[in-house]
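Data block below; observations after.
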Amino acid sequence: MSQYRTFTAADAVEYAKKFGGVDDPSALVSAEEIGDGNLNLVFKIFDNQGRSRVVVKQALPYVRCVGESWPLTLDRARLEAQTLVEHYKHCPEHTVNVTHYDADLAVMVMEDLSSHRIWRGELVKGAYYPEAGRQLGEYLAQTLFHTSDFYLHPHKKKAEVARFINPEMCEITEDLFFNDPFTDHERNKYPAALESLVVSLRTDDVLKIAVAGLKHRFFADAEALLHGDVHSGSIFVADGSLKVIDAEFGYFGPIGFDVGSAIGNLLINYCCLPGLLPPREAAEGRERRLSDAHEVWTQFSSRFLELAHAKTSDVALAYPGYAEAFLRKVWSDTIGYCGTELIRRTVGMSHVADFKQIADDTMRTECIRSCITLGRTLILAADHIADVDALIARIRQAG
Ligand code: ADP
Ligand code: MG
């Protein structure tokens, strides 16, 4: 059994030679650590021609951006690798290919996606990938349908729920999404000018009951194997291509959580574009974000229904009309979780480039204000927004 040790660049090269699956392992000569500093080590492995060939990712026994004072389970590397392997089975087109992993070393080897770029960075620059919304909807439908009770045998489903029990990573979500922003917590960070808006979140009974419901469903609704953190920073894009990475929050949870996280990050960008781009480009970018969000839901829901009609194995779940009824529950969850994503990214600790990169302080504060206000509106209205067109109308109305 291999013993855990933190890899140096040289260790990562040796590991890739053994387990990288390349035809010419002796050509692998160097590694560069490219992780963006949040949680894990990520090494790109180069050959003697200077080409990057594979990626080696290793979990550290603590949260990298905080330090050893916040320990974190190494089992997350197994969960990440197994979630990606499972999702790749059902949607190879849009999931990074993990070719090897070792649970004891908390390490995995995956395809190098250097030909792609992280979507969030592209969204911040105002670059447009017209197929990305549809592709993300396809990823969500394929991975979530094929790991749900619609598709899996009940015995297999229960065994899978057990295999993907992920209490420590779930606890991070439970705290950062559903507790911190709605309490006076030291981890929260937001502009001082928004104090009264943020304090109003803590004292709004209707809002807090709605958030409690979302948290309860996150605890209890083991509907499908979620990615668990499918934001625009976990998605690589290139012309006509989209690949999802970084699934260490994977567990069986409510489908609307993944769909809502995906759409939520598009709406964060929508709120921030006026601070990032000149007015005309910002207005055009905002229209594109609304159409991306529309595409994510439309593709997700139509493909999910098509799969449900063609492949549902359970006789009760196959009853005509049930899949449609289930999707209505997923839709209101999606809106609610989308709202919590907008709030936890702005009031809570996990900030994103979309507003961090706004140079003007006043503008940044106003963009953050619109994220928080939209987030609250969506959580409160989640059961009353009929369809995706009504959602888009609400977003426009919010300004
Ligand atoms: P963490 O779990 O620490 O957030 P990520 O999986 O998000 O780590 O990876 C951090 C960064 O490493 C990504 O933003 C990306 O720039 C780079 N990266 C990760 N996986 C790959 C890959 N397969 N190919 C190329 N670059 C990658
Ligand atoms: Mg990441």
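Whatever order the structure lists ligands and atoms in, that order sets their numbers, starting from 1. Heavy atoms only: backbone and side chains are in, while hydrogens, waters and symmetry mates are out. Every value quoted in this text rests on a predicted model; they were computed, and no experiment measured them.
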Check your understanding: Ring centroid separation for Tyr251 and Phe218, is it under 6.0 angstrom?
Key -> yes
Review point. Given the side-chain rings of Phe150 and Phe326, with only the six-membered ring counted for Trp, is the space between their centroids under 6.0 Å?
Key: yes
Review point. Is any NZ, NE, NH1 or NH2 atom of the basic residue among Lys329 and Asp333 found under 4.0 Å from an Asp or Glu carboxylate oxygen of the other?
Key: yes
Review point. Has ligand 1 got any nitrogen or oxygen that is less than 3.5 angstrom from a nitrogen or oxygen of Glu248?
Key: yes
Point to revise | Glu80, any N or O under 3.5 Å of ligand 1 N or O | key: no
Heavy-atom distances under 4.0 Å are what count here, so tell me which part of [X] touches ligand 1: side chain, backbone, both or neither.
| X | result |
| --- | --- |
| Arg64 | neither |
| Leu113 | both |
| Val55 | side chain |
| Glu111 | backbone |

For [X], atoms of ligand 1 separated by under 4.0 Å from a heavy atom:
| X | answer |
| --- | --- |
| Leu39 | 3 (O) |
| Met110 | 20 (N), 23 (N) |
| Ile118 | 14 (O) |
| Asp112 | 24 (N), 25 (C) |

Check your understanding: Does a donor on one side chain and an acceptor on the other come within less than 3.5 Å for Arg345 and His351?
Key -> no
Point to revise | Gln49, CD: over 12 other non-hydrogen atoms inside 6.0 angstrom | key: yes
Practice item. Please say whether the positively charged group of Arg286, taken as NZ for Lys or CZ for Arg, lies over the ring of Tyr270, i.e. under 6.0 angstrom from the six-membered ring centre and within 45 degrees of the axis. Key: yes
Exercise for review: Answer with yes or no whether Lys57 contacts ligand 1, where contact means a heavy atom under 4.0 Å from a ligand atom.
Suggested key: yes
Check your understanding: Taking the side chain from Glu33 and the backbone from Gly35, do they hold a donor-acceptor pair closer than 3.5 Å?
Key -> yes
Exercise for review: Start with the C-alpha gap between Leu214 and Arg217, add the side-chain angles, then the distance that decides, and say whether side-chain contact (heavy atoms from CB on, under 4.5 Å) holds.
Suggested key: CA-CA 5 Å; Leu214 290 161; Arg217 297 198 285 287; 3.5 Å; yes
Review point. When you measure from atom 19 (C) of ligand 1 to each heavy atom in Val42, Val98, Leu41, which option holds the nearest one?
Key: Val42
